[in-house]
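Worksheet for the structure shown next.
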Amino acid sequence: MTTTSESTSATAATSGGNSTAALENNPFLIAQRQLDQAVELLELDDATHQMLRWPMRELSFVFPVRMDDGRVEVFHGFRVQYNDARGPAKGGLRFHPHETIDTVRALSAWMTWKTAVVDIPLGGGKGGVCCNPKEFSPTELERVSRGYMRRVADFIGPDIDVPAPDVYTDSRVMSWMLDEFETIRGRHVPGVITGKPLALGGSAGRGEATGIGVVVAIREAFKVLGIDSTQTTASLQGFGNVGQAAAIHYVKRLGGKLICVSSWDHDDKTAYTFFKHEGADPVFLRSITDGFGTINKAKAQQAGYEVRDGDAWRSADVDLLIPAALENALTGHTVASISPQVKVLAEAANGPTTPEADLVLNERGIFVIPDFLCNAGGVTVSYFEQVQNAYNYYWPEAEVHHRLDHKMTSAFHSVHDMAQRMNVPNRLAAYLVSVERVANAMKLRGWV
Ligand code: NAD
C-alpha cells in the first residue's frame, strides 16, 4: 500500500511548495488521506487502492490569448479526469488566480465520490485556468473561455468528460465554450457541457441546484437530530452561486434565521463578514452583490449591517455553519474559534475542512454534512441536464426540483445509515458508500 508520505513527495513536486503548512493544507494530499481511511475499512486490495488514489488521466497546458490592448498573455490550464469506471468524467471548471494542478486533482477526486454518493452514472473530473477573471473585459473573458476549449476539445465529449461551471465561471462562460466546441466539431453537441443557459439546452433549476441541495441535506440533518429548523440560526461563508441559493432557501424553506454572511472583496483584497442579529435578508444582500460574489460594503452598512473581519463568520454564536467559499476554511489552527453553540456544519464548498479540523469537530460532536454529499445537488441537476439534452425534451422546474430532492434525501440517508451501522463519522461513512460503488464498477470492468 502506498503511504501518504510517498505520495507527498510526488505531489509536492507538482504543487511547487513543501513547507509543512503547505503540505498539511494541500487539497490533494487531504483527499488521498481521506480515501486511505475508507480503503482500509473496506479492506480493498492494493491495485484497487492505487487506482482510486491517483487521477486516471490529466491534461496540463498553456494557451495564448490576445488581450484588448494588443498584448498576448499566456495562461496555464488543467483538465483532470479522475475516474470514469461508473460513467463519463464530470465536473466543473474554475477560473482562479491560485489554481494549481493539485487543487484540480483533489476536486476531481471529490467529484468521483460525489457522483457515486448520489448514485448517478458518471465519474469525476475537474478543470481550471490560473487567471483573475475580475481583471478581464467581457471580450477577454470570452477569448480565455474559447482558448481553454480549443485545448481540451479533443479530450472531452458527452460520453467522455463533461465540464460545468464552478468558482468564477458561469452560464455565459459555458455558452462560449459550447459554441467553440460545436464550431470545432461542425455540429450541435449540447450534452458536452452543463450549466448552459436555458436557450442553449440548459436545465430549468440548474442555477440554484447546488444551494437547494445543501438545504435539503440540512433539512434531513435537523430531522435526524430532532432540531426544529425554525428555531435555528446560521452563519455563512461565501456569497456566490452556492452561498446565495443556500442562504435564500434556508430562510425561505426551513424558516431559519441567517445571522451573518461573509464575502471576498476584490478591491480591498480581503474578506468581510456582514452581521444582522435580528436576521440578515439574503435576497436584499444578493441585490447588492456583484457577479463575483462580492457584497457592496457601503450599501450593506447603509442598510444597518455591521461589518466585521472576514473570519468573524466562523466564531458567530449560531447553530449552523455553512462554508460556501473555497478549500481550507476550517483548519487545525482555526477550528478552535467555532462557537460552542454550533451543532451542524454543512459543507457547501468543496474541501472546506482539513483532517486536523475534522478530528476536533468529531471530538466536539458537531454533525458534519461532508462536502461531496452536501453540495451534490449541482452535479445531480447537471446529470438531469445531460438526460434532457439526450432526449431533446425539457422538464419544468418543479419536476427538476422534485427529482433533486429525492436524490439528495436518499443520498443523505444512505450515508447516515452507514455512519450508524459502522459507528464512524459522516465523512468516513460517505467515503465508504462512494468508494465501495466505484471499486465495484472497476471490478466489474475487470480493471482490478
Ligand atoms: P462563486 O465564485 O459563485 O462564489 C464564491 C464566493 O466565495 C464569493 O462570494 C466570494 O466572494 C467568496 N469568497 C472567496 N474567498 C472567500 C473568503 N476567504 N472569505 C469569504 N468569502 C470568500 O463560487 P460557487 O460556484 O458558489 O462555489 C463555491 C464553492 O462551492 C466552491 O468550493 C465550489 O467548488 C463549490 N461547488 C460549487 C458548485 C456549483 O454548482 N457552482 C457545485 C458544487 C460545489
Side-chain angles (χ1 to χ4, degrees), residues 86-88 90-92 110-124 162 164 191 194-195 198 202-227 229 241-242 245-246 248-256 322 324 344 346-348 367-391 393-421 426-427 429-434 436-438 440-441:
R86 286 172 45 86
K90 183 84 191 82
W110 290 323
M111 282 308 302
T112 307
W113 317 135
K114 195 179 301 188
T115 52
V117 85
V118 280
D119 204 10
I120 53 182
L122 296 170
V162 182
T194 60
L198 285 184
S203 172
R206 173 62 182 89
E208 288 197 315
T210 308
I212 289 177
V214 168
V215 172
V216 171
I218 293 170
R219 181 192 72 201
E220 295 305 306
F222 284 157
K223 261 192 219 163
V224 300
L225 294 170
I227 294 172
S229 65
N241 175 298
V242 179
I248 289 169
H249 291 279
Y250 164 70
V251 173
K252 193 166 112 184
R253 295 182 178 202
L254 303 187
I322 313 175
V344 175
E347 295 183 338
F367 189 98
V368 175
I369 311 173
D371 51 4
F372 65 79
L373 166 65
C374 191
N375 65 34
V379 75
T380 301
V381 174
S382 274
Y383 163 62
F384 295 160
E385 183 174 330
Q386 286 183 276
V387 171
Q388 294 169 81
N389 291 151
Y391 272 127
Y393 178 79
Y394 292 84
W395 309 336
E397 187 172 271
E399 183 171 350
V400 172
H401 284 165
H402 176 73
R403 289 175 186 266
L404 168 64
D405 197 309
H406 176 75
K407 274 279 180 204
M408 287 300 298
T409 304
S410 125
F412 177 92
H413 287 283
S414 53
V415 170
H416 185 246
D417 291 351
M418 177 68 88
Q420 304 283 100
R421 188 152 43 88
N426 291 338
R427 188 182 319 280
Y431 267 94
L432 293 178
V433 170
S434 300
E436 194 166 35
R437 287 178 182 165
V438 178
N440 187 38

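Heavy-atom basis, side chains included; hydrogens, waters and symmetry copies ignored.
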Who passes side-chain hydrogen bond (donor to acceptor under 3.5 Å, both in side chains) against His249, sequence neighbours left out?
Glu208, Arg253

Taking the side chain as C-beta and beyond, is there a heavy-atom pair between [X] and [Y] under 4.5 Å?
{"X": "Asp371", "Y": "Lys114", "answer": "no"}
{"X": "Val216", "Y": "Leu404", "answer": "no"}
{"X": "Ile322", "Y": "Ile218", "answer": "yes"}
{"X": "Pro370", "Y": "Tyr431", "answer": "no"}
{"X": "Phe384", "Y": "Asn389", "answer": "no"}
{"X": "Glu347", "Y": "Asn375", "answer": "no"}
{"X": "Glu220", "Y": "Met408", "answer": "no"}

How long is the gap from [atom1] on [X] to [atom2] on [Y], to the nearest 0.5 Å?
{"X": "Thr380", "Y": "Leu122", "atom1": "OG1", "atom2": "CG", "answer": "9.5 Å"}
{"X": "Gln386", "Y": "Gln388", "atom1": "CD", "atom2": "CD", "answer": "11.0 Å"}
{"X": "Met111", "Y": "Phe372", "atom1": "CE", "atom2": "CZ", "answer": "11.5 Å"}
{"X": "Asp119", "Y": "Ser434", "atom1": "CG", "atom2": "OG", "answer": "9.5 Å"}

Where does the angle between the aromatic ring planes of Phe412 and His416 fall among parallel (under 30°), tilted (30 to 60°) and perpendicular (over 60°)?
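Parallel, since the angle between the ring planes stays under 30°.
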
Should we say atom NZ of Lys252 is surrounded by more than 12 heavy atoms from elsewhere, each under 6.0 Å from it?
no

Give a yes or no on this: more than 12 heavy atoms of other residues, nucleotides or ligands lie within 6.0 Å of atom NE2 of His406.
no

Thr115 side chain vs Gly123 backbone, donor-acceptor pair below 3.5 Å
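Present.
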
On the ring face of Trp113, is Arg437 found with NZ or CZ under 6.0 Å from the centre and within 45° of the axis?
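No.
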
Minimal non-hydrogen separation, [X] against [Y], with atom names:
{"X": "Asn426", "Y": "Ala419", "value": "OD1-CB, 3.5 Å"}
{"X": "Ala209", "Y": "Gly377", "value": "CB-O, 3.6 Å"}
{"X": "Ile120", "Y": "Arg86", "value": "O-NH2, 3.0 Å"}
{"X": "Val117", "Y": "Ala430", "value": "CG2-O, 4.4 Å"}
{"X": "Ala204", "Y": "Trp395", "value": "CB-O, 4.0 Å"}
{"X": "Cys374", "Y": "Ala348", "value": "SG-N, 4.0 Å"}

side-chain contact (heavy atoms from CB on, under 4.5 Å) between Phe367 and Ile369: does it pass, once the steps are laid out?
CA-CA 7 Å; Phe367 189 98; Ile369 311 173; 4.1 Å; yes

Take Arg403 and Val381 through the side-chain contact (heavy atoms from CB on, under 4.5 Å) test and state the conclusion after the steps.
CA-CA 9 Å; Arg403 289 175 186 266; Val381 174; over 6 Å; no

Thr194 and Lys90: side-chain donor and acceptor closer than 3.5 Å?
yes

Hey, are Thr409 and Arg219 close enough side-chain-wise for a donor-acceptor pair under 3.5 Å?
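Arg219 vs Thr409: donor-acceptor pair found between side chains.
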
